[in-house]
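Naming convention: chains lettered A, B, ... in sequence-line order (proteins, then strands); numbering from 1 in each chain. Here the structure is a predicted model, which is why all the values come from computation and not from measurement.
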Amino acid sequence: MARKILCVAEKPAIARAVATHLSGGSFQTHAIRGNQYVKNYEFEFNFGGSWGQCSVTMTSVIGHLTGLDFASQYKGWMSCPPGALFEAPVQEDVDKDKKPIAENIRNQARYSKALFIWTDCDREGEHIGTEVRNQAKAGNARIEVKRARFSNTERAHVLQAARAPVELDEFQANAVAARIELDLRIGAAFTRLQTLQLQAVAAILKEKVISYGSCQFPTLGFVVDRYFRVQNFKPETFWSIKVMLERERKKVNFLWRRVHLFDRAAVTMMLERCLKAKQAKVTKVTQKPKSKWRPLPLTTVDLQMMGSRFLRIDSQTIMKVAEALYTKGFISYPRTETDQFDKAIDLKKLVETQFPDDRWGQYAKDLIEGKFRTPRSGRNNDKAHPPIHPVCWVSPTSLNDNERKVYEFVVRRFLACCSDDAKGSGTDVEIQYGDEFFHASGLLVLERNYLDVYVYEKWESSQQLPHFERGETFEPTEANISEGKTTAPNYLTEPELIGLMDANGIGTDATMAEHIAKIKDRQYVVVNKRGTGRNKVEELIPTHLGVALVEGYDNVVSGLPSSISLSKPFLRKEMEKQMLEICAGAKTRQDVVQQSLDMYREVFIHTQRRIEMLKAACRKYLVE
DNA sequence: GCAAGGTC
């Protein structure tokens with residue numbers, strides 16, 4: 001009898017895709033007891049090498065199998081002082097709703113010679129791999145464990161991965177295990193401390209959970225930070241020199257190289273010198289081709305940012321809609337950090353699927369008839385998923401409003417990626433007038449290319465400049481001082497917040513939207529709609545509670561030697577750095593957990609000791 | 001009643 005190999009993927013969709021490729025399309029599907037999404041696919045496959053022809057069961061988990069929690073005697077909020085959670089025993093258990101999935105793996109392992117792990121090739125995937133391994137070993141202690149390394153589900157790539165298995169990366173799995181333990185202990189300890197202490201301060205806090213999390217607090221911090229910058233803003237007056245020339249019936253406004261200054265007397269003096277010189281001299285005339293680059297292949301973070309900005313849909317809704325489109329098979333997997341297309345993907349074939357569309361079908365045809373360009377490659381590759389792209393054409397009538405908008409965006413973005421840059425011709429003229437330099441520029445858009453399909457971006461021809469010769473002199477038609485005021489920054493918008501989170505390593509592409517939803521849910525921030533119609537913007541404003549928490553914690557740590565506030569992204573960044581050290585083999589999981597806990601424990605003890613400052617901040621904003 | 005990370 002052929003040897004049996006058990007394969008386990010991270011999610012049902014991957015199990016099905018891999019089974020389809022390995023089996024050549026003919027496999028048997030079996031439902032499992034207790035879970036409607038996970039299926040077992042059975043087929044034969046020749047793994048080559050020492051494995052040869054095997055009978056295969058391909059199945060999956062649904063993300064993590066297990067969760068970490070405190071031992072039962074520490075679960076009650078009054079069972080121990082919150083600080084005890086830094087040391088309290090923890091245990092890893094299979095989540096209640098995952099028990100049938102774990103049981104399926106144990107059962108299948110019993111008759112298998114080997115386990116091939118097909119989880120995503122990222123850190124979390126490596127950890128999920130160890131969870132799968134533990135179940136398989138519980139069913140069959142002697143099972144051999146291998147890992148398939150793959151970065152997309154293109155056929156040849158999957159076959160190659162099946163025939164060249166590697167080992168699980170214990171370092172990466174350990175890094176995730178460290179993160180899980182730290183998030184639990186620190187999150188629970190601070191959440192209980194501040195909830196128990198602050199509920200009594202103000203009536204509106206009475207029944208509230210006032211949570212702390214290493215991602216949600218820095219997220220709140222960004223919102224509060226901007227809020228204070230808006231509140232504390234004082235407008236300043238500035239002055240500038242405006243130079244205008246009328247030539248060939250065109251008015252040319254020259255912009256000052258110094259832009260503006262805050263000293264009126266100085267600007268007046270400089271203008272005097274210009275006027276005294278009478279003649280301005282053209283020091284430079286440049287005419288060069290300009291181009292506006294087509295966008296990069298679409299990542300999750302970009303989808304969320306562009307979605308909030310252009311489609312006016314908040315990031316969490318965007319992800320829900322994108323997932324629905326993915327589940328229906330209309331677009332590729334929507335959680336990806338990759339902004340480069342793998343060479344193996346047949347992009348032209350994907351473009352062809354869009355021919356039937358009324359809105360961009362003709363554009364797609366033009367691409368195939370010669371205008372197609374290989375997309376630009378960004379710097380990110382998560383080695384697990386391709387950039388987000390349409391998989392097939394969908395009639396707009398079979399989608400709801402939001403689905404239609406998101407699908408349209410994904411398609412237009414994809415076609416834009418496969419197009420040429422927009423091209424134009426730019427003219428720059430620089431003049432010297434007195435001791436000052438000014439310049440004017442004109443743009444003529446020659447070929448719109450990707451802009452024709454990517455309607456979200458604009459690039460317009462500006463007024464054309466009249467003719468100038470280098471070295472010529474002229475007397476400006478007008479030269480005078482203009483006055484202006486600096487304007488306050490706006491409150492933070494969701495796309496800006498996502499950008500900040502991304503830049504500071506707060507959350508992952510899949511969770512950033514959740515953290516934002518969480519701080520809304522906890523009533524740390526509210527959404528305010530500014531403007532109307534096409535100019536409508538949703539801005540995030542902290543509530544009194546949100547401001548009180550950030551100010552309170554900032555006060556708690558101010559004056560401390562390290563003075564690292566919980567509202568700043570630093571601590572989370574540090575955790576990320578430690579995880580990378582585990583991945584590199586430079587530190588062990590235990591070292592990192594101990595060191596990080598020590599660091600947070602210090603902040604925790606200070607918070608306890610100076611809890612009055614936190615309470616005072618809450619009183620200041622919530623009672624008075 | 002706590003976190004953040006997977007995914008349905």
Side-chain angles (χ1 to χ4, degrees), chain A residues 9-16 35-39 60-70 74-80 82-86 88 90 92 95 97-98 100-101 119-132 172-173 175-196 198-199 205-219 300 319-320 322-324 326-328 333-335 382 384-385 501 505-519 521-522 566 571-572 575-576 579 596 600:
Chain A
E10 185 164 319
K11 43 190 163 272
I14 298 285
R16 189 182 176 89
N35 187 289
Q36 55 170 318
Y37 303 107
V38 171
K39 301 277 186 274
S60 74
V61 288
I62 300 180
H64 286 283
L65 267 181
T66 64
L68 194 70
D69 207 349
F70 297 106
Y74 291 88
K75 283 186 185 167
W77 281 41
M78 297 303 186
S79 65
C80 64
L85 298 178
F86 282 99
V90 289
E92 189 183 75
D95 295 339
D97 58 333
K98 305 288 176 63
I101 303 172
T119 48
D120 294 353
C121 288
D122 51 27
R123 270 191 327 221
E124 297 292 333
E126 237 41 55
H127 187 270
I128 294 168
T130 64
E131 297 173 50
V132 170
Q172 290 195 50
V176 171
R179 176 196 61 73
I180 290 172
E181 184 175 345
L182 290 169
D183 283 336
L184 173 67
R185 290 189 185 281
I186 297 161
F190 276 98
T191 298
R192 286 190 197 177
L193 173 73
Q194 65 190 27
T195 302
L196 295 173
L198 298 178
Q199 275 185 343
L205 297 181
K206 207 158 175 215
E207 300 292 316
K208 266 192 193 129
V209 171
I210 307 166
S211 63
Y212 166 80
S214 57
C215 286
Q216 46 178 284
F217 251 53
T219 305
T300 306
M319 290 314 292
K320 271 208 195 98
E323 261 155 44
Y326 163 68
T327 313
K328 292 178 191 168
Y333 189 65
R335 285 195 281 260
D382 62 18
H385 310 285
M501 294 171 75
I506 301 300
T508 67
D509 50 2
T511 60
M512 281 180 214
E514 286 175 38
H515 297 310
I516 298 174
K518 175 74 88 183
I519 61 172
D521 189 49
R522 293 287 187 221
L566 292 183
L571 289 168
R572 182 77 204 184
M575 196 191 290
E576 188 66 27
M579 282 171 76
S596 296
Y600 273 96

Over all strands shown, is [X] touching base, sugar-phosphate only, or nothing at heavy-atom distances under 4.0 angstrom?
| X | result |
| --- | --- |
| A/K320 | nothing |
| A/G507 | sugar-phosphate |
| A/G187 | sugar-phosphate |
| A/E10 | sugar-phosphate |
| A/E131 | nothing |
| A/R123 | nothing |
| A/E207 | nothing |
| A/N35 | nothing |
| A/H515 | sugar-phosphate |
| A/L85 | nothing |

Taking every non-hydrogen atom, the tightest pair across A/M512 and A/I506:
CG-O, 3.7 Å
What pair of heavy atoms forms the shortest contact from A/F190 to A/L566, and how long is it?
CE2-CD1, 3.5 Å
Below 4.0 Å: OP1/OP2 of [N] and any side-chain N or O of [X]:
| X | N | result |
| --- | --- | --- |
| A/R179 | B/dG5 | no |
| A/R522 | B/dG1 | no |
| A/Y74 | B/dC2 | no |
| A/T508 | B/dG6 | yes |
| A/R185 | B/dA4 | no |
| A/S211 | B/dC2 | no |

Ring-on-base stacking B/dG1 with A/W77 (under 5.5 Å, under 30°)
yes
Side-chain touch A/I186/A/Y212, heavy atoms, less than 4.5 angstrom
yes
Can you confirm whether A/Q172 sits close enough to A/D122 that some side-chain heavy atom of one is under 4.5 Å from a side-chain heavy atom of the other?
no
Result for 5'-nearest mapping on DNA chain B, choosing between A/F70 and A/Y326, is A/F70
With nearest nucleotides of DNA chain B determined for A/R572 and A/V209 from heavy-atom distances, which residue corresponds to the more 5′ nucleotide?
A/V209
Are any of the side-chain nitrogens in A/K11 or A/E124 under 4.0 Å away from the carboxylate oxygens of its partner?
no
Of the listed B/dA4, B/dC2, B/dG6, the closest approach to the A/T191 side chain comes from B/dC2
